[in-house]
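This report refers to the structure that appears directly beneath it.
In this chain, numbering begins with 1 at the start of the sequence shown. Heavy-atom basis, side chains included; hydrogens, waters and symmetry copies ignored.
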Amino acid sequence: MSSGKILLGVLAGVTAGAFIGILFAPDKGKNTRKKISKKGNDYAEELKSVFDDFLESITEKLESAKDDADDLIQKGKSKVKEVKSDVKNTLSEKVSHQH
């Protein structure tokens with residue numbers, strides 16, 4: 001399970017627990033609604049922050065993977081040129097030895 005899913009699960013659990021606690025607390029309906037609204041906004045901001053951090057982390061990993069792939073492609077192209085050159089030289093040597 002990814003850390004992002006675990007974190008979202010924990011936040012959802014904490015949010016549900018807070019709402020249940022507020023709903024069962026002895027208070028006026030108006031005050032309860034205000035508390036729920038405030039907690040909801042607080043958790044929404046927290047969740048947005050966690051999600052933004054998660055997206056930033058994924059973006060950095062994707063950029064790193066792209067850079068690694070670009071490096072690998074360049075190394076592959078270089079190796080292909082090297083092999084072509086070796087084959088060409090080997091063929092040239094065999095042709096010159098036969099004459």
Query raised in the report: Same cluster for Leu72 and Val80 if Ile/Leu/Val/Met/Phe/Trp/Tyr side chains link at under 4.5 Å?
Result: no
Requested in this report: Could you tell me the separation between the CD1 atom of Ile58 and the CD atom of Glu56, rounded to the nearest 0.5 Å?
Outcome: 11.5 Å
Query raised in the report: Can you tell me if Thr90 uses its side chain to pair, donor with acceptor, with the backbone of Asp86 under 3.5 Å?
Result: yes
Report task. Determine whether Phe51 and Ile6 fall in the same hydrophobic cluster, where Ile, Leu, Val, Met, Phe, Trp and Tyr are linked whenever their side-chain heavy atoms lie under 4.5 Å apart. Result -> no
Query raised in the report: Under the 3.5 angstrom rule, does the side chain of Ser85 hit a backbone N or O of Lys81 as a donor-acceptor pair?
Result: no
Query raised in the report: Side-chain contact, heavy-atom cut-off 4.5 Å: Val50 with Glu46?
Result: yes
Query raised in the report: Once you round to the nearest 0.5 Å, how far does CG of Asp68 lie from CD of Glu63?
Result: 12.0 Å
Requested in this report: Run the numbers on Asp52 and Lys48 for salt bridge (Lys or Arg N to Asp or Glu O under 4.0 Å), then give the verdict.
Outcome: CA-CA 6 Å; Asp52 287 345; Lys48 182 185 179 308; 2.9 Å; yes
Report task. Using a 4.5 Å cut-off on heavy atoms from C-beta on, say whether the side chain of Lys77 contacts that of Gln74. Result -> yes
